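One structure below.
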2 protein chains.
Amino acid sequence: MKKEHVEIEEIKKILTNYDVRPSFQRLKVYEYFILNRNHPTAEMIFQGLKDIIPSLSRTTIYNTLKLFTQKKLIQAIPLDSNTIRYDINHDGHAHAKCIICGEIFDIKIKADDIQHTLPDSFEIKEFDVIIRGCCKKCKK
Amino acid sequence: MKKEHVEIEEIKKILTNYDVRPSFQRLKVYEYFILNRNHPTAEMIFQGLKDIIPSLSRTTIYNTLKLFTQKKLIQAIPLDSNTIRYDINHDGHAHAKCIICGEIFDIKIKADDIQHTLPDSFEIKEFDVIIRGCCKKCKK
DNA sequence: GTATCTGCAAAACATTTGCAATTCT
DNA sequence: AGAATTGCAAATGTTTTGCAGATAC
């Protein structure tokens, strides 16, 4: 589930496409998402980057996550509640968490799949499907 | 969306069925859920009850909500993130929030409706579907 | 009379805000 | 120079914890 390497130039392009200026910190935060597909909290990102960027502050992580969210580079996923988790923009997929091992599975689901359950003329802007249960491995 | 009255004896029965001792505070918290179908936060419940129970403390609300959640009387819904909202056990339904007027709609959806999107042999214990969008009224 | 429940005060934790220093263009 | 970005320190808001007194069985 880990990528070994991503070209920094490629990340720059992505941020620029989403109208986000590619500062060093922002590049590293986005790179973190690509290298660790782990639906991180702000704190996880901070811990993962503080050795690479010793001057890094949590405020910058929070600023960056808020900006990325506004620009739709990432989305907040209300997986557990009190600490917010983030994921690279997950339009078209959702999350299932195993309550035994804690692993988070990406699942494919589209707005169309749930439109029929909604009140008349309700227009979906974004949605989350969060499933807690037990994965194959942990059922034994 | 409001009930005028519920028999206190009826609530006592419900709590007892779920293996929760029916103290006065707990009865009132559960009654709050029935009288106000508003997916409340801890603070909303506290504000709604503090006049009826002047000695009431937030700690008791938090204790009670945690206990109710463990006993499956209620469920946390990760609607927005930072403050936890609760709902009477919502197996079999989920929530759509209008981002304009803030109203929360209950929608009907069953585990079976999403089972097919999951990895092999994943067993759903509980799930949430959270939709943010625009309701009929606000689309004009 | 012992276990449970309540509620105060303080602590813990995640997140936000104000502002000064730094960096980029 | 001027605008955007960073990061420190302090504030905010929600939830948790420790503990003493009250209540229930």
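A, B, ... follow the sequence lines: proteins, then strands. Residue 1 opens every chain. Computed from a predicted structure; not experimentally measured. Values below: all heavy atoms of this structure, side chains included; hydrogens, waters and symmetry mates excluded.
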With a cut-off of less than 4.0 Å, is there a side-chain N or O of B:Gln25 near OP1 or OP2 of C:dG7? yes
Would you indicate, yes or no, if D:dG7 has its OP1 or OP2 atom less than 4.0 angstrom from a side-chain nitrogen or oxygen of A:Thr60? yes
Please work out whether the ring planes of B:His93 and B:His90 are parallel, tilted or perpendicular, with thresholds of 30° and 60°. perpendicular
Looking at B:Glu43 and B:Arg58, does any basic side-chain N land under 4.0 Å from a carboxylate oxygen? yes
Rounded off to whole Å, could you give me the CZ-to-P distance for the A:Phe24 and C:dT22 pair? 19 Å
Distance, rounded to the nearest Å, where A:Leu27 contributes CG and D:dT6 contributes P: 10 Å
Over 12 foreign heavy atoms within 6.0 Å of NZ, A:Lys139: yes
Classify the side-chain pair B:Tyr18/B:Asn89 by whether it contains a donor and acceptor separated by less than 3.5 Å. no
Take nucleotides 13-25 of chain D nucleotide by nucleotide from the 5' end and write B, S or -, depending on whether a protein heavy atom sits under 4.0 Å from the base, only from the sugar-phosphate, or from neither. -SBBB--------
Those residues at least two apart in sequence (or on a different chain) that pass side chain to side chain donor-acceptor pair (under 3.5 Å) with A:Arg132 are B:Glu126, B:Asp128
Could you list by number each residue of residues 45-57 of chain A showing a heavy-atom separation from DNA chain D of less than 4.0 Å, or answer none if no residue does? A:Ser55, A:Leu56, A:Ser57
For B:Asp87, the option from B:His95, B:Arg37, B:Gln75 that meets side chain to side chain donor-acceptor pair (under 3.5 Å): B:His95
Please state how far atom NZ in A:Lys28 lies from atom C1' in D:dT5, giving the value in whole angstrom units. 18 Å
Thinking salt bridges, do B:Glu103 and B:Lys137 make one under a 4.0 Å N-O criterion? yes
Does A:Glu10 pair with A:Lys13 as a salt bridge, N-O distance under 4.0 Å? no
Rounded to the nearest Å, what distance is computed from the CD atom of residue A:Gln70 to the C1' atom of nucleotide C:dT16? 13 Å
